[in-house]
Engineer: 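Below is a structure I'd like to ask you about.
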Amino acid sequence: MSLIQEISAEQLAKLFHHYQAALTLDFSGYMNEDPGAFWEATPENERKVMIAAARLTLLELVSPHEATPNNRYFAKLGEAEWGC
């Protein structure tokens, strides 16, 4: 079993959120809140979105060559329509 399959989507989202907060401090020198409390202070609906995005990321990393043709989030390469 690969390491990616052993990582939960919530774990990945929480770690990503943590490092994003830490890097924001490093790059801007400013942080509004304690980075340790960020995940718990994040509204539940935002955490759910981050966990869902992490789940999709993990699925794609595990099987990048098995992208489904009905993927509703992204067009196939070269098929996206641009404009407002």
Engineer: Salt-bridged, Lys48 to Glu44, with N to O below 4.0 Å?
Structural biologist: yes
Engineer: Looking at Gln11 and Ser8, would you say the former's side chain and the latter's main chain have a donor-acceptor pair under 3.5 Å?
Structural biologist: yes
Engineer: Kindly compute the distance separating NE2 (His17) from CD (Glu46), expressed to the nearest 0.5 Å.
Structural biologist: 7.5 Å
Engineer: Drop me the distance from Arg47's CZ to Asn45's CG, to the nearest 0.5 angstrom.
Structural biologist: 9.0 Å
Engineer: Checking one residue: Phe16. Which other hydrophobic residues are in its cluster under the side-chain 4.5 Å linking rule?
Structural biologist: none
Engineer: Which heavy atom in Ile7 sits nearest to a heavy atom in Leu58, and how many Å separate them?
Structural biologist: O-CD1, 3.5 Å
Engineer: Where is the tightest heavy-atom contact between Ala9 and Ala54, given as atom of each residue plus distance?
Structural biologist: O-CB, 3.3 Å
Engineer: The test is side chain to side chain contact (heavy atoms under 4.5 Å, CB included); show your working for Met50 and Thr42 and say whether it passes.
Structural biologist: CA-CA 10 Å; Met50 286 187 262; Thr42 302; 3.6 Å; yes
Engineer: Which residue pairs pass the salt bridge (Lys or Arg N to Asp or Glu O under 4.0 Å) test when at least one of the two sits in residues 49-59, sequence neighbours left out?
Structural biologist: none
